[in-house]
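Step one of this worksheet: look at the structure below.
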Protein chains: 4
Amino acid sequence: MRKDKPKYKQIIDAAVIVIAENGYHQAQVSKIAKQAGVADGTIYLYFKNKEDILISVFQEKMGVFVSKLEQIIARDLTASSKLGLMIESHFELLASDIHLAIVTQLELRQSNPELRTKINDVLREYLKLMDQILVKGMEDGEFDAKMDIRLARQMVFGTMDETITTWVMNDHKYDLIELAPKVQRLLLKGMQA
Amino acid sequence: MRKDKPKYKQIIDAAVIVIAENGYHQAQVSKIAKQAGVADGTIYLYFKNKEDILISVFQEKMGVFVSKLEQIIARDLTASSKLGLMIESHFELLASDIHLAIVTQLELRQSNPELRTKINDVLREYLKLMDQILVKGMEDGEFDAKMDIRLARQMVFGTMDETITTWVMNDHKYDLIELAPKVQRLLLKGMQA
Amino acid sequence: MRKDKPKYKQIIDAAVIVIAENGYHQAQVSKIAKQAGVADGTIYLYFKNKEDILISVFQEKMGVFVSKLEQIIARDLTASSKLGLMIESHFELLASDIHLAIVTQLELRQSNPELRTKINDVLREYLKLMDQILVKGMEDGEFDAKMDIRLARQMVFGTMDETITTWVMNDHKYDLIELAPKVQRLLLKGMQA
Amino acid sequence: MRKDKPKYKQIIDAAVIVIAENGYHQAQVSKIAKQAGVADGTIYLYFKNKEDILISVFQEKMGVFVSKLEQIIARDLTASSKLGLMIESHFELLASDIHLAIVTQLELRQSNPELRTKINDVLREYLKLMDQILVKGMEDGEFDAKMDIRLARQMVFGTMDETITTWVMNDHKYDLIELAPKVQRLLLKGMQA
DNA sequence: TATGAATGAGATTTCATTCAT
DNA sequence: CATGAATGAAATCTCATTCAT
């Protein structure tokens with residue numbers, strides 16, 4: 001389905017706005033179409049069905065996170081620095097797009113198990129990259145070589161996720177980005193050799 | 001709403017089972033009524049509406065977590081030990097009731113933000129108790145006195161939550177409880193003075 | 001699904017009227033519900049889905065044809081007389097319920113192949129009874145013992161069907177019933193020994 | 001509408017194939033266009049609307065039946081022979097084009113009464129020719145001079161139609177053409193003087 | 001002539017909630 | 001207290017047709 005055409009992106013962006021403003025269950029296709037400035041039927045020229053829109057939203061947006069993280073990993077830095085950059089970059093992306101933050105932290109989690117499974121597939125790629133940082137840190141002697149890597153990853157991701165969700169649920173009335181260094185310090189301490 | 005009558009609890013328990021077995025979106029009132037062995041209309045003698053059932057499920061079950069945690073806090077122990085017991089106790093409760101674990105970690109999160117806000121109100125009590133442990137640890141010089149207490153709490157809760165959710169999503173095929181000490185160690189290291 | 005309850009029959013009869021007056025493709029469930037004097041949702045307490053209504057219409061109404069024909073066959077008459085009574089009875093039933101005639105001869109034939117297959121299952125029972133008459137006639141020496149029974153049945157049914165359909169399509173402006181003896185004579189001549 | 005241009009016939013033939021292979025309700029304009037190797041919009045340069053395609057299909061194909069029958073009538077034969085040739089010719093045409101048989105016997109009957117009325121207009125020409133044979137037979141003393149000609153025609157057409165439809169519905173697994181003489185004999189007996 | 005992207009109307013079905021018994 | 005039959009609002013997706021190029 002013509003992902004290069006401008007309307008594809010138009011609809012994705014419209015979906016993010018509509019879901020953020022109306023909530024997942026009130027995000028009817030007709031609302032998304034109106035927001036995108038196209039007819040209802042046009043949606044179906046670019047997406048198989050409603051679920052396909054939502055998965056695509058997640059894929060397109062998560063893609064940005066993944067490529068940012070890939071760039072960070074490619075750089076010649078310590079694992080600690082990479083971890084810090086990752087957190088900062090993750091927070092920045094969501095802080096700069098409140099709509100997207102609402103959608104990923106709150107609304108998309110209301111989707112049915114089927115859809116969530118597909119979302120998890122997308123997420124997994126991100127978590128794999130995260131693991132690369134942890135492994136490097138353990139190999140380089142920065143992180144505790146004996147720590148359970150899965151648990152460590154769950155701590156890192158769980159902490160970031162909880163921090164962002166709390167921020168979103170508090171109507172983002174404080175600065176998320178300035179929490180990044182503190183979160184980094186906390187997590188690093190937990191994992192350091 | 002007659003919370004003392006046996007049918008009140010019957011319905012709450014039925015709701016947990018039905019949601020766990022069918023998923024949040026397939027947990028119709030009529031199914032809960034059938035599972036509870038009462039007529040559909042009877043539900044409405046004990047609960048205002050469907051949302052009220054779900055909040056009540058969370059309140060009743062969370063109450064157990066809260067009272068367990070209160071007992072732990074009342075004991076004469078170091079903050080670190082209390083934290084360890086809290087994690088262990090939390091894991092134990094969910095590992096011993098898979099239905100409940102599925103409901104709290106996966107299904108109830110599909111509810112709309114409105115309901116989730118109410119659920120968070122219930123959760124807040126638990127988080128406040130958690131804060132007491134952290135404060136005590138900071139005062140006693142066990143934990144870093146300068147750490148951001150909200151962030152620390154988010155790390156603790158986020159890590160526990162992510163760990164349990166991952167366990168549930170992996171069909172609880174490994175032992176959750178034996179992860180508790182490792183989780184404790186990881187978190188303590190992050191927070192220690 | 002409660003076929004004994006009066007609402008079941010109410011809905012069936014409403015469906016016949018709505019389909020006859022509006023055509024198959026304009027017979028929305030909401031129209032049938034309104035005609036039956038029930039809410040849209042009530043339909044689904046008695047029928048699995050829209051197709052189920054249509055099949056039930058055919059089954060219920062065809063049941064009358066079948067039982068009439070069974071009575072005729074049970075009587076002590078020559079095959080020729082039975083054939084005559086069958087034609088007469090068939091014509092009478094449809095002439096007395098124009099709505100039903102329109103539905104069976106025109107509207108229900110617009111249904112999709114799936115539904116038509118199910119309708120044919122119902123029809124088969126009627127054709128089997130028809131065969132009994134033909135067999136008896138052949139055994140008793142009334143009908144040509146060497147005729148192809150399938151072809152004979154196709155002639156009988158095809159002629160009746162074509163006659164009724166033509167009558168319906170001509171807005172039943174002439175008397176269908178008085179054609180019965182003529183049709184009988186024609187068919188008997190074709191089959192007689 | 002340029003009926004002489006090759007694309008006109010291309011589209012007609014494409015329609016027959018698409019309807020036969022996909023069924024009436026799955027024969028979308030876009031499928032017919034693809035099968036014909038033209039763009040969707042091009043269809044509308046040759047046909048007023050979808051219904052117009054279907055009527056044209058019937059007209060074009062029925063034209064073959066009519067001209068065959070005209071040739072038969074023009075020959076110097078008895079009415080009985082003509083009737084026999086007509087049945088044989090009718091069966092042959094459909095047996096040699098299964099797609100067409102499926103379309104005329106099953107699929108086109110799913111169209112709405114409006115369209116069917118128009119199809120009947122086309123059919124009427126064929127039935128008129130059939131009447132010529134019957135009249136001649138009655139005048140020549142071959143057929144019963146007192147028979148109701150309309151009924152007789154309904155018997156002839158209804159029997160042929162039912163025979164062919166049954167053959168199509170049985171996946172044309174037996175030979176239709178060899179049934180022709182038997183059908184002829186049956187019908188002639190019914191009509192003979 | 002020919003294209004094909006865009007349009008937008010329209011219907012089935014589910015399920016929380018009510019209320020007469 | 002308890003019942004359960006009845007209600008009725010609400011949303012996804014299809015596809016014939018158009019029209020700018």
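Source: prediction; values computed, not measured.
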Does D:Thr42 put a side-chain nitrogen or oxygen below 4.0 Å from OP1 or OP2 of E:dT3? yes

Next on the checklist: Just N and O in the side chain of B:Lys7: are any of them under 4.0 Å from OP1 or OP2 of F:dA2?
Outcome noted: yes

Between B:Lys50 and the options B:Ile43, B:Val29, B:Ile55, the side-chain contact (heavy atoms from CB on, under 4.5 Å) test singles out B:Val29

Ordered by number, residues from residues 19-29 of chain A within less than 4.0 Å of DNA chain F (heavy atoms) are A:Gln28, A:Val29

Atom OH of A:Tyr8 and atom P of E:dA5 are separated, to the nearest Å, by 17 Å

CD1 (C:Ile32) and CG (C:Asp40) are apart, to the nearest 0.5 Å, by 10.0 Å

Ranking F:dA5, E:dT7, E:dA5 by distance to the side chain of C:Tyr46, first place goes to F:dA5

Result for 5'-nearest mapping on DNA chain F, choosing between C:Val38 and B:Ile43, is B:Ile43

Rounded to the nearest 0.5 angstrom, the CZ-CG distance for C:Phe58 and C:Leu108 is 6.5 Å

Each base of DNA chain E marked ( ) or [ ] if paired in-strand (Watson-Crick or G-U under 3.5 Å), | if paired to another strand and . if unpaired gives .||||||||||||||||||||

Check: Given side chains that start at C-beta, do those of D:Lys31 and D:Gln28 come closer than 4.5 Å, heavy atoms only?
Finding: yes

Here the gap from B:Asp97 atom CG to B:Lys61 atom NZ, rounded to the nearest 0.5 Å, amounts to 6.0 Å

Strictly below 4.0 Å: does C:Lys48 bring a side-chain N or O up to OP1 or OP2 of E:dT13? no

Taken to the nearest 0.5 Å, the spacing of D:Tyr8 OH from D:Ser56 OG works out to 4.0 Å

Protein-nucleotides 19-21 of chain F N/O pairs under 3.5 Å:
none

dist A:Gln10:CD -> A:Thr42:OG1 (nearest 0.5 Å) comes out at 10.0 Å

Flag the pair B:Ile11 / B:Gln35 as yes when at least one side-chain heavy-atom distance between them is below 4.5 Å, and no otherwise.
-> no

CD1 of D:Ile119 to CG of D:Leu115, rounded to nearest 0.5 Å, is 4.0 Å

Whole-Å distance, B:Lys31 NZ to F:dG4 P, equals 19 Å

Check: Within a strict 4.5 Å, meaning less than it, do heavy atoms of the B:Gln26 and B:Glu21 side chains meet?
Finding: no

When A:Lys50 and C:Ala39 are each assigned the nearest nucleotide of DNA chain F, the 5'-most assignment goes to C:Ala39

Exercise. Return the orientation label for the D:Phe65 and D:Tyr126 ring planes: parallel under 30°, perpendicular over 60°, tilted otherwise.
Key: perpendicular

